[in-house]
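See structure below.
The residues of the chain are indexed from 1 along the displayed sequence. Start at 1 and go down the list; that is how both ligands and their atoms are numbered.
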Amino acid sequence: MSVLEGKKIVLIITGGIAAYKTASLVRLFMKRGCEVQVIMTPKAHNFITPLTLSTLSKKPVYTQFFEGNTGEWNNHVDLALHADYLVVAPATSNTLSKMASAEADNLALATYLSAKNTVFFAPAMDLDMYKNPYNQENIKKLQQKGDILIPPNKGELASGLEGEGRMAEPEEILDFIENYIRKELIFYKKKLLITAGPTYEPIDPVRFIGNHSSGKMGFEIAKAAEKLGAEVTLVSGPTCQKLSHYSSIKRIDVMSSEEMYQKVTEHYQSTDIVIMAAAVADYRPETVSKTKIKKNEESFSLPLLKNKDILLELGKTKSNQFLVGFALETNNEEENALTKLNKKNLNMIVLNSLQDKGAGFSYDTNKITILDNKGGIEYFDLQTKEKVAENILKSIHERIKT
Ligand code: CTP
């Protein structure tokens, strides 16, 4: 999933020939799932029509402070504050200069000056204009303020000359912005290993011992972690959960506890954070019948063997990994969770109580308490599993930072 999914972009288009390329830029933003509000300077209309841009962005395009026919005010402050990111492309010499000296003689500039969020600007001008010390000074000023320069390319310019000043191509602008945002994410480049779902312990070719885990909690954590920039490996027991749109998550499907153990240990050494959200079966049948067991006897008992405790094993060989376990409890909840935290050498444990309404296997909601190995404890209200996943990751981040 793109880091731009769901983001609100204000695209400011100024009057340079490269403005014709912004039709593609709008399309690329839209394809990434952004909401795009185009604002044009009056001169940009000479290079591309508002109709093209409003058709592509599915929104009216603004240029004036007041709409001529209705007299409606286009509130530049609202426009600026509503956006997650402002993108000025192309940024002409004229607009750069006005941005750097806080002039507000059109809606685009007034919106820029009202913005509190990150502004990207992609200059476009002739090579000597770009090199001009006043332009370079303006660019520096904007960078000092915190605006982000999307450097122009070298190549053939509208004047026929060759040199630096061509606006970056729309795909390059998109890549640049996505990379920038990704690097700012709290789990950028962190390797997360997450387990989810139940395990099935085979009895015979048609039967197994399992549990009611839906896998939803682990999947939500994996998705939230990807959104926060992590490189996620998700080892999942049998579940109907899907990861559509999260193509960078490496999903490994397993069946039994032993298979989960194998896959988890394979990835453990290169992992920064492990979150064991899976409901691993504690026991497996001692033998697995090759043929279907017939119901010949009046009573039937099945000898069981204890499975490896995956988390306990990880805790024994922990080096720099941050280990997170789950504890599903019905009584003496905090005490039992703390015992597990210590016994398994964990950094943090997420406690669910089956006594809490709306928490547990079959719900879309969960109510958690987080305990850590430094004596910290955090209580959370009942929330969607999506929100719970975000909170768990935030809690991990807080503890890793300190
Ligand atoms: N866990 C594990 N391997 C197992 C059993 C559990 O890695 N064989 C992990 C779970 O994924 C969870 C944590 O250990 O993160 C605690 O699981 P839980 O079932 O609550 O506790 P158990 O240690 O199995 O203890 P008990 O069932 O006796 O409460």
Side-chain angles (χ1 to χ4, degrees), residues 192-202 208-222 225 232-239 241 252-268 271 273-286 304-318 321-356 359-362 366-373 385 388-389 391-393 395-396 399:
L192 262 73
L193 177 60
I194 297 163
T195 65
T199 61
Y200 286 179
E201 310 301 320
F208 59 84
I209 298 173
N211 60 61
H212 291 299
S213 170
S214 66
K216 191 163 170 69
M217 194 64 252
F219 273 66
E220 289 301 340
I221 297 172
V232 180
T233 302
L234 174 66
V235 181
S236 173
T239 167
Q241 300 295 327
I252 301 170
D253 288 305
V254 296
M255 191 69 82
S256 64
S257 154
E258 181 56 28
E259 279 177 58
M260 186 171 277
Y261 172 75
Q262 293 302 336
K263 292 297 171 194
V264 166
T265 46
E266 221 171 84
H267 289 83
Y268 185 46
T271 293
I273 299 163
V274 182
I275 307 174
M276 280 288 304
V280 187
D282 290 325
Y283 292 93
R284 67 180 183 281
E286 188 174 9
L304 300 176
L305 286 180
K306 203 168 187 182
N307 279 330
K308 280 188 202 98
D309 188 317
I310 304 173
L311 205 43
L312 185 80
E313 296 304 316
L314 299 185
K316 282 183 198 164
T317 53
K318 184 164 85 169
Q321 294 89 346
F322 190 92
L323 267 190
V324 182
F326 271 69
L328 181 63
E329 304 294 337
T330 53
N331 55 304
N332 296 334
E333 291 93 334
E334 285 183 20
E335 197 186 319
N336 287 341
L338 267 181
T339 307
K340 281 178 192 172
L341 175 98
N342 293 324
K343 185 176 151 202
K344 302 191 187 193
N345 192 19
L346 308 181
N347 299 81
M348 195 175 113
I349 195 154
V350 181
L351 165 66
N352 296 289
S353 169
L354 274 188
Q355 302 218 15
D356 287 321
F361 284 147
S362 45
N366 207 353
K367 186 168 185 306
I368 59 161
T369 302
I370 288 181
L371 302 104
D372 67 33
N373 58 351
K385 285 189 173 168
V388 171
N391 283 331
I392 292 170
L393 292 170
S395 294
I396 294 171
R399 284 162 176 82

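The shortest side-chain heavy-atom distance between Leu314 and Tyr268 falls under the 4.5 Å cut-off. Counting only heavy atoms from C-beta outward, the side chains of His267 and Ile252 approach each other to under 4.5 Å. Side-chain contact check for Pro238 versus Met255: some heavy-atom pair is nearer than 4.5 Å. Using a 4.5 Å heavy-atom cutoff, the side chains of Thr369 and Glu333 are not in contact.
Any N or O atom pair closer than 3.5 Å counts here, and Glu329 shares no such pair with ligand 1. Considering backbone and side-chain N/O atoms, Ala278 comes within less than 3.5 Å of an N/O atom of ligand 1. Some N or O of Phe326 is nearer than 3.5 Å to an N or O of ligand 1, by distance alone. Residue contacts with ligand 1: Asn307 is placed with no nitrogen or oxygen under 3.5 Å of a nitrogen or oxygen of the ligand (distance criterion only). Looking at ligand 1, you'll find an N or O of Lys340 within less than 3.5 Å of one of its N or O atoms. Considering backbone and side-chain N/O of Ile310, one or more are found under 3.5 Å from N/O of ligand 1. Here's the thing with Ala279: none of its N/O atoms is less than 3.5 angstrom from an N/O atom of ligand 1. Taking distance alone, with nitrogen or oxygen atoms compared against 3.5 Å, Ser257 stays at or beyond that limit from ligand 1.
Distance check: Leu192 CG to Gln321 CD gives 11.5 Å after rounding to the nearest 0.5 Å. Considering CE of Met348 and CG of Asp372, their distance stands at 8.0 Å, rounded to 0.5 Å.
Scanning all protein heavy atoms for the shortest distance to atom 8 (N) of ligand 1 gives Lys308 O, 3.0 Å. The protein heavy-atom contact nearest to atom 24 (O) of ligand 1 is Asp282 OD1, 3.1 Å.
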Between Gln262 and Glu258, does a side chain to side chain donor-acceptor pair (under 3.5 Å) hold up when you go through it step by step?
-> CA-CA 6 Å; Gln262 293 302 336; Glu258 181 56 28; 2.7 Å; yes
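Per-residue contacts place Ala327 under 4.0 angstrom from the following atoms of ligand 1 (heavy atoms of the residue considered): 20 (O). Residue Gly325 approaches ligand 1 through these ligand atoms, each under 4.0 Å from one of its heavy atoms: 15 (O).
Judged purely by atom type and a 3.5 angstrom limit, Asn211 uses its side chain to pair as donor or acceptor with the backbone of Ala279. Between the side chain of Ser257 and the main chain of Val280, no donor-acceptor pair closer than 3.5 Å is present.
Using a 4.0 Å threshold on non-hydrogen atoms, atom 19 (O) of ligand 1 does not count as touching the protein. Counting protein heavy atoms under 4.0 angstrom from atom 28 (O) of ligand 1 gives zero.
In Lys340, the NZ atom is crowded: over 12 heavy atoms of neighbouring residues, nucleotides or ligands sit closer than 6.0 Å.
Considering only non-hydrogen atoms, atom 6 (C) of ligand 1 lies nearest to Lys344 out of Met276, Arg284, Glu258, Lys344. Considering only non-hydrogen atoms, atom 9 (C) of ligand 1 lies nearest to Leu311 out of Asn352, Leu328, Leu311, Leu346.
Remark: distances from the non-hydrogen atoms of Asp309 to ligand 1 include one below 4.0 Å. Not a single heavy atom of Glu313 sits closer than 4.0 Å to an atom of ligand 1.
Each of Leu393, Leu234, Leu323 was evaluated against Ile275; a single residue qualifies, Leu393, per the side-chain contact (heavy atoms from CB on, under 4.5 Å) test.
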